[in-house]
Amino acid sequence: MAITLDQTIAQKQRSWFASVFASQTFWVLVAVVLACIFLSFATSSFATPANLYNITRNVTFIAIIALGMTLVIITGGIDLSVGSVLCLCSMVLAVTMHAGYGIGTGIAASIGTALVVGAFNGILIAYLGFPPFVVTLGMLSIARSLAMVASNNTVVFQFGPDHDKLLALGGGAWLFGIANPVLYMAVLALLTGFVLRWTRFGRYVFAIGGNEHAATLTGVPVRKIKVAIYMISALSAGVAGIIQTGWLGAVTTNIGAGMELQVIAAAVIGGANLAGGVGTAFGAIVGAALIEVIRNSLGLLGINAFWQGTFIGGAIVLAVLFDRLRNLRQSE
């Protein structure tokens, strides 16, 4: 029996709606919206301009690193070093500028440090066959130790002749009163989404995560892509470190401590599959938003902040459970 054009369009619409409602990212977004609505009525301070400004600004640091982490997770890897890499890059920026160099030199040194660290991780993982968990766990300790050495374990809060430029870079609001970190996050999310969706590099990333052996047989340069992925992950941590330094106005050696867990949580909650092959840039942003809303709501509702880890851990378990149930339904 011939299928009419109307029937074809209706079938595509049904499949589109089905895919949306089956998407973990969609339901996490719904949870974020419902939480914001509830908190707006439950507290008098959540929906204030000052609090919303803080939420949108705070979410960017996790979200930017989660974009790079999502690419790593899509390939089936993991990067536990991002929090320490953020610390190291922040300290390199601060020490360089404190020594009298300009902001351009400081940012170049910080970005260069991130790329070297990422390349080191990637080469050990891709070419020498080291497990990502072991390599990045080791780098977690190495990077923070190097940050302590660079600063002699002191606080750096004077950034030389370009001090005010750095503070404006991370703490300013140059466009329509929107915090600069939010603008950076939006641009990086669009760029990451474009790369994953429309470029050959993005297709290679998903191919490696789906089946690395098959990707190798089809000519995908798996090793080079893996090195690039870990360089991007470290770069995202370095960028977040630069922005956070400008926002805080000071750098200590405990900056970014434990951030890797929040970043991985944001990526997984947003729909990235730790087994590889699944993940989106938008999901990373939504996952980071949920974590920040949870963190912000605890104080507003008078709940002990120590419960934050419980809520975030529970969200990770629920995200993985949702993914398992979806896979079981598809297999049936």
Side-chain angles (χ1 to χ4, degrees), residues 16-70 73-74 177-179 181-190 192-193 196 236 240 243 258-274 278-303 305 307-326:
W16 183 83
F17 282 115
S19 63
V20 169
F21 285 111
S23 169
Q24 179 174 316
T25 304
F26 171 78
W27 291 110
V28 174
L29 178 60
V30 170
V32 172
V33 173
L34 292 177
C36 290
I37 293 174
F38 169 76
L39 290 169
S40 298
F41 288 99
T43 68
S44 59
S45 54
F46 178 82
T48 60
N51 189 57
L52 293 177
Y53 183 89
N54 286 331
I55 290 176
T56 55
R57 182 177 58 182
N58 293 342
V59 74
T60 58
F61 308 119
I62 298 296
I64 288 174
I65 308 177
L67 291 171
M69 182 66 73
T70 296
I73 292 177
I74 290 174
I178 302 173
V182 178
L183 299 178
Y184 308 145
M185 178 190 69
V187 172
L188 291 173
L190 291 173
T192 304
L196 286 176
S236 67
I243 299 169
M259 184 176 281
E260 57 278 345
L261 300 180
Q262 297 182 54
V263 170
I264 294 172
V268 172
I269 291 171
N273 192 328
L274 288 172
V278 179
T280 64
F282 181 65
I285 303 299
V286 173
L290 180 61
I291 290 176
E292 177 56 28
V293 169
I294 290 174
R295 189 201 65 79
N296 185 265
S297 65
L298 294 181
L300 297 180
L301 296 174
I303 301 174
W307 284 99
Q308 177 179 337
T310 300
F311 285 107
I312 294 175
I316 295 175
V317 173
L318 288 176
V320 175
L321 176 62
F322 181 90
D323 184 68
R324 287 290 299 163
L325 293 175
R326 182 179 56 188

Looking at [atom1] of [X] and [atom2] of [Y], how far apart are the two atoms once the value is rounded to the nearest 0.5 Å?
| X | Y | atom1 | atom2 | value |
| --- | --- | --- | --- | --- |
| Phe282 | Thr25 | CZ | OG1 | 7.5 Å |
| Ile243 | Thr60 | CD1 | OG1 | 6.5 Å |
| Leu190 | Met185 | CG | CE | 9.5 Å |
| Ile65 | Ile62 | CD1 | CD1 | 6.0 Å |

Could I get the full list of side chain to side chain contact (heavy atoms under 4.5 Å, CB included) partners for Thr192, not counting sequence neighbours?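 Once residues adjacent in sequence are excluded, the partners of Thr192 under the side chain to side chain contact (heavy atoms under 4.5 Å, CB included) criterion are Leu67, Leu71, Leu196, Ala281.
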
Listed partners of Ile303 passing side chain to side chain contact (heavy atoms under 4.5 Å, CB included), at least two apart: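 Per chain and number, Ile303 pairs via side chain to side chain contact (heavy atoms under 4.5 Å, CB included) with Leu298, Leu301, Trp307.
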
Among Val59, Leu52, Asn51, the one residue meeting side-chain contact (heavy atoms from CB on, under 4.5 Å) with Asn296: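 Only one option passes, and that is Asn51.
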
When the side chains of residues 284-292 are checked against the rest of the protein, which donor-acceptor pairs come out under 3.5 Å, sequence neighbours left out?
| from | atom 1 | to | atom 2 | distance (Å) |
| --- | --- | --- | --- | --- |
| Glu292 | OE1 | Arg295 | NE | 3.1 |
| Glu292 | OE2 | Arg295 | NE | 3.2 |
| Glu292 | OE2 | Arg295 | NH2 | 2.7 |

Pair up each side-chain donor or acceptor in residues 32-46 with any protein partner under 3.5 Å, not counting sequence neighbours, and list the distances.
| from | atom 1 | to | atom 2 | distance (Å) |
| --- | --- | --- | --- | --- |
| Ser40 | OG | Cys36 | O | 2.7 |
| Thr43 | OG1 | Leu39 | O | 2.8 |
| Thr43 | OG1 | Phe46 | N | 3.4 |

Correct closest heavy-atom pair for Tyr53 and Gly177 would be CE1-O, 3.6 Å

With heavy-atom distances below 4.5 Å as the criterion, would you say the side chains of Ile73 and Leu274 are in contact?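 Yes, close enough: below the 4.5 Å cut-off.
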
Could you list all the salt bridge (Lys or Arg N to Asp or Glu O under 4.0 Å) pairs where at least one residue sits in residues 28-46, not counting sequence neighbours? none

Test of understanding: with salt bridge (charged side-chain N to carboxylate O under 4.0 Å, His left out), list the residues that count as partners of Glu260, not counting sequence neighbours.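 With neighbours one apart ignored, the set is empty.
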
